[in-house]
Protein chains: 2
Amino acid sequence: MPQPRYLQIKNEILHEIQTGALRPEDRIPSEHRLAERFTVSRLTVQRAIRELVSEGLLRRTQGSGTFVTNFTHRFSLIEVRDVVEEIRRLGGEATTEVLLHRRCAADHEVSRLLEMEAGSDVFHVALVQSMDSEPVAYEERFAVPSVYPDFLDQDFSKRSVFDYLASRSVLEEIENVVAAVTPDKRIAALLEIGRAEPCILIQRRNWYQGRCVTLTRITYAGSRQLLASRYRPYELAGGR
Amino acid sequence: MPQPRYLQIKNEILHEIQTGALRPEDRIPSEHRLAERFTVSRLTVQRAIRELVSEGLLRRTQGSGTFVTNFTHRFSLIEVRDVVEEIRRLGGEATTEVLLHRRCAADHEVSRLLEMEAGSDVFHVALVQSMDSEPVAYEERFAVPSVYPDFLDQDFSKRSVFDYLASRSVLEEIENVVAAVTPDKRIAALLEIGRAEPCILIQRRNWYQGRCVTLTRITYAGSRQLLASRYRPYELAGGR
DNA sequence: CAACAATATTTGTAAGTACAAATTATTGCG
DNA sequence: CGCAATAATTTGTACTTACAAATATTGTTG
C-alpha cells in the first residue's frame with residue numbers, strides 16, 4: 001500500500017481546491033457518494049474530510065452538506081520565538097547579561113497590565129541578549145510571585161527566562177502586541193545602537209488559570225531581522 | 001447526550017496535561033486500556049487522541065505508545081491581517097487612495113525578491129490606506145503579470161488588492177519579514193507623521209505553483225497598534 | 001552473557017453497521 | 001396556491017471486527 005486511502009482522498013480534494021476545480025462555497029459530494037466513487041467505506045472518506053475541516057479548507061453543516069471555505073487565509077502568521085531560541089536557530093552563540101533580578105513593587109503601568117493592585121509585589125528581571133557578542137535584544141520581564149516561587153533562585157544567564165517560565169506553567173492564553181519604537185538613551189546604549197535607529201518592541205502577556213501571570217517587553221535592535229517566517233498554508237500530506 | 005464521548009475523553013486528557021498530572025514525555029495508557037476505562041470503543045478513544053495529536057499536545061509512535069509532547073510552545077503566533085481587513089475588524093471605515101497603478105520594469109531589488117530577471121515587466125501599485133480619514137499604512141505591491149493578467153483593469157480604491165490577489169491564486173507559501181524603520185520624507189508626508197516616528201515595515205512574498213508571484217511592502221504608521229493578537233493555545237473543546 | 005528468534009503489545013488503516021440530529025426536498029391537504 | 005406534515009438526504013457519533021506494521025518484551029540457544 002503506497003499511501004493510505006484517506007490521504008489519497010484528502011490530497012485529491014486539496015488538489016481540486018488548489019487548481020480551482022472546486023471553488024469557494026462549492027458543495028462537495030456527500031460522504032456516501034465519495035465513498036462510492038473511491039470504493040471505500042464512509043469512515044475513510046469521513047477521516048479525509050474531517051482533517052480538511054480541521055485545517056480550515058472545508059466547512060460542514062449537519063443535514064446540509066460540506067462546502068469549500070472562502071476563507072482564503074484572511075491573515076498570515078508570524079512566529080515569535082524566544083530570543084535565545086531564535087539565536088540558536090540561526091546558528092549563533094547566545095549569551096545573556098543579567099542587569100536586574102529582584103523583587104519589587106509594581107508601578108502603575110505594570111500592575112495594570114498584570115491585572116493586579118498597584119504596589120503589589122512582583123518579580124522583575126532585566127537582561128541583554130547577545131548573539132556572538134553582539135547585543136540584539138533588551139528584555140524586561142515581570143512575573144507573579146505566587147506562580148513562580150523560586151524565581152529569585154534562578155540563574156538566568158545559564159537557563160533562559162523563557163525556559164524557566166515555560167517549565168512552571170502550561171499557558172492558557174497569550175497576547176502579543178508589536179510596535180515600532182525609538183529606544184531611550186539607556187536601551188540604545190545597552191544595544192549599542194544610535195538613538196535614531198528604530199526598534200521593534202514586543203509586549204507579551206501570559207495567562208494561567210484565569211490570571212495574568214507574566215509580562216514581557218522585548219526591544220529588538222532594529223536592523224537585525226529576527227522576525228521572519230515562512231510557511232506553507234496548505235501542504236499536501238504524506239510523502240510523494 | 002450532553003457532550004460526545006470523544007470530546008469528554010479529549011478534555012479529560014487535556015485537563016490532566018494542564019494540571020500537570022500528565023507531564024511532558026509521560027506515556028499515556030494505550031488505546032485499549034483507555035477504551036476499557038471509559039467503556040467506549042477503541043475508535044472513540046482514537047478520535048480523541050488523534051485530535052490532540054493534530055493540535056500538537058500528544059505524539060504517537062506505532063508499536064511504542066502515545067506520549068505527552070514537551071513542546072511547550074517554542075513560539076507564539078501573531079496574525080498579520082490585511083490592512084483593510086484589520087480596519088474593519090476594529091470597527092473603522094477604510095478608504096484607499098491609489099497613488100500608482102502601472103506596469104513597469106522591475107528594479108534590481110524587486111526582481112531579486114521576485115526571483116526573476118532584472119528588468120522584467122511587473123505590475124506595480126502604491127497606495128495609502130486610511131482608517132476614518134486618518135492614514136495608517138502605505139502599501140506597495142508588485143505582482144507577476146502572467147498570473148494576474150487583469151491587474152491593471154482593477155479599481156483598487158473599491159476592492160482591496162489583497163482581495164483581488166487572493167481571488168486569483170491559492171498560495172502555496174508565504175514569507176513575512178518584519179522590521180522597524182524610519183520613514184523616508186515622502187512616506188512620512190503621506191502618513192502625516194514626523195520623520196522621527198518609527199514605523200513597522202512588513203514585507204511579504206507569496207509563492208504559487210513554485211514561483212514567487214507577489215511582493216508586498218507595507219509601512220504601518222508607528223503608534224497605531226494594528227499588530228496585536230491574543231489567542232489560546234490549547235482550548236478545551238466543545239461547550240460547558 | 002550475548003545474540004537471535006519468537007511473542008506480545010501498541011498504533012495505523014479500513015470495512016461494515018447502526019441510529020441520532022439537522023437540514024432540505026417532497027408530498028398532500030385545505 | 002400556500003402551508004404544514006412527511007420523507008429523504010446528509011452529517012454526527014459510536015460500536016464491532018479485522019488485519020498490517022512498528023516496536024517492545026520475553027525466551028531460547030550457543
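To find a chain, count down the sequence lines: A is the first, B the second, and so on, and within it residues start at 1.
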For residues 21-29 of chain B, which side-chain donor-acceptor pairs fall under 3.5 Å, sequence neighbours excluded?
{"from": "B:E25", "atom 1": "OE1", "to": "B:R59", "atom 2": "NH2", "distance (Å)": "3.2"}
{"from": "B:D26", "atom 1": "OD2", "to": "B:R23", "atom 2": "N", "distance (Å)": "2.9"}

Open item on the list: What is the distance, to the nearest angstrom, from the CD atom on B:Q8 to the C1' atom on D:dA14?
Closed with: 13 Å
TODO: Establish, with yes or no, whether the OP1 or OP2 oxygen of D:dC15 is under 4.0 angstrom from a side-chain nitrogen or oxygen of B:R42.
DONE: no
Open item on the list: Determine whether a donor-acceptor pair (N or O, by modelled atom type, separation under 3.5 Å) exists between the side chain of B:E134 and the backbone of B:S130.
Closed with: no
Open item on the list: Measuring only between side-chain heavy atoms, which start at C-beta, is A:T96 closer than 4.5 Å to A:V128?
Closed with: no
- [ ] Tell me which nucleotide among C:dA21, C:dT10, C:dA14 gets nearest to the side chain of B:S30.
- [x] C:dT10
Task: Nearest-angstrom distance from the residue atom CG of A:L7 to P of C:dT13 - done: 7 Å
Task: Derivation and outcome, salt bridge (charged side-chain N to carboxylate O under 4.0 Å, His left out), residues B:R81 and B:E79 - done: CA-CA 6 Å; B:R81 285 168 207 273; B:E79 294 174 1; 2.5 Å; yes
- [ ] Establish, with yes or no, whether the OP1 or OP2 oxygen of D:dT13 is under 4.0 angstrom from a side-chain nitrogen or oxygen of B:R47.
- [x] yes
Open item on the list: Looking at A:T66, I'd like to know whether one of its side-chain N or O atoms comes within less than 4.0 Å of OP1 or OP2 on D:dT11.
Closed with: yes
- [ ] Let me know, please, whether A:E31 or B:G63 comes out on the 5' side of the other along DNA chain D by nearest nucleotide.
- [x] A:E31
TODO: Would you tell me if any nitrogen or oxygen in the side chain of A:R50 comes within less than 4.0 Å of OP1 or OP2 on D:dG12?
DONE: no
Task: D:dC15 phosphate, OP1 or OP2, under 4.0 Å from B:S41 side-chain N/O - done: yes
Task: Whole-Å gap separating C1' (C:dT13) and CZ (A:R5) - done: 11 Å
Task: Aromatic ring pairing A:F151/A:H101, orientation class (parallel under 30°, perpendicular over 60°, tilted between) - done: perpendicular
Task: Cation over ring face, A:R47 and A:Y6, 6.0 Å, 45° - done: yes
- [ ] Look at B:R33 and C:dT9 and indicate whether a side-chain polar atom (N or O) is within less than 4.0 Å of OP1 or OP2.
- [x] no
TODO: Using five base pairs at each end, measure the axis-to-axis angle across the helix from C:dC1-D:dG30 to C:dG30-D:dC1 and round it to 10 degrees.
DONE: 10°
Open item on the list: Expressed as a whole number of angstroms, how long is the span from A:L34:CG to D:dT9:C1'?
Closed with: 15 Å
Task: CA sep, side-chain torsions, deciding dist, call: A:R159, A:D153, salt bridge (charged side-chain N to carboxylate O under 4.0 Å, His left out) - done: CA-CA 12 Å; A:R159 183 192 193 185; A:D153 305 328; over 6 Å; no
- [ ] Let me know the distance between CG of B:L43 and C1' of D:dA18, rounded to the nearest Å.
- [x] 13 Å
TODO: Report yes if at least one side-chain N or O of B:Y6 is closer than 4.0 Å to OP1 or OP2 of D:dA14; otherwise report no.
DONE: no
TODO: Quickly work out the B:F38 CZ to D:dT13 P distance and round it to whole Å.
DONE: 17 Å
Open item on the list: I need the CD-P distance between A:Q62 and C:dT23, as an integer number of Å.
Closed with: 8 Å
- [ ] Considering just the side-chain nitrogens and oxygens of B:T61, establish if one lies under 4.0 Å of OP1 or OP2 belonging to C:dT11.
- [x] no
Open item on the list: Rounding to an integer number of Å, can you tell me how far B:H32 NE2 sits from C:dG12 P?
Closed with: 16 Å
TODO: Determine: side-chain N/O of A:T44 to OP1/OP2 of C:dA15, distance under 4.0 Å, yes or no.
DONE: yes
Task: Under-4.0 Å side-chain N/O to phosphate OP1/OP2 contact, B:S64 with D:dA24 - done: yes
Open item on the list: Side chain of A:R27, heavy atoms from C-beta onward: which of D:dC15, D:dT10, C:dT13 has the nearest atom to it?
Closed with: D:dT10
- [ ] Report the residue from B:Q203, B:R204, B:R205 that forms a side chain to side chain donor-acceptor pair (under 3.5 Å) with B:E175.
- [x] B:R205
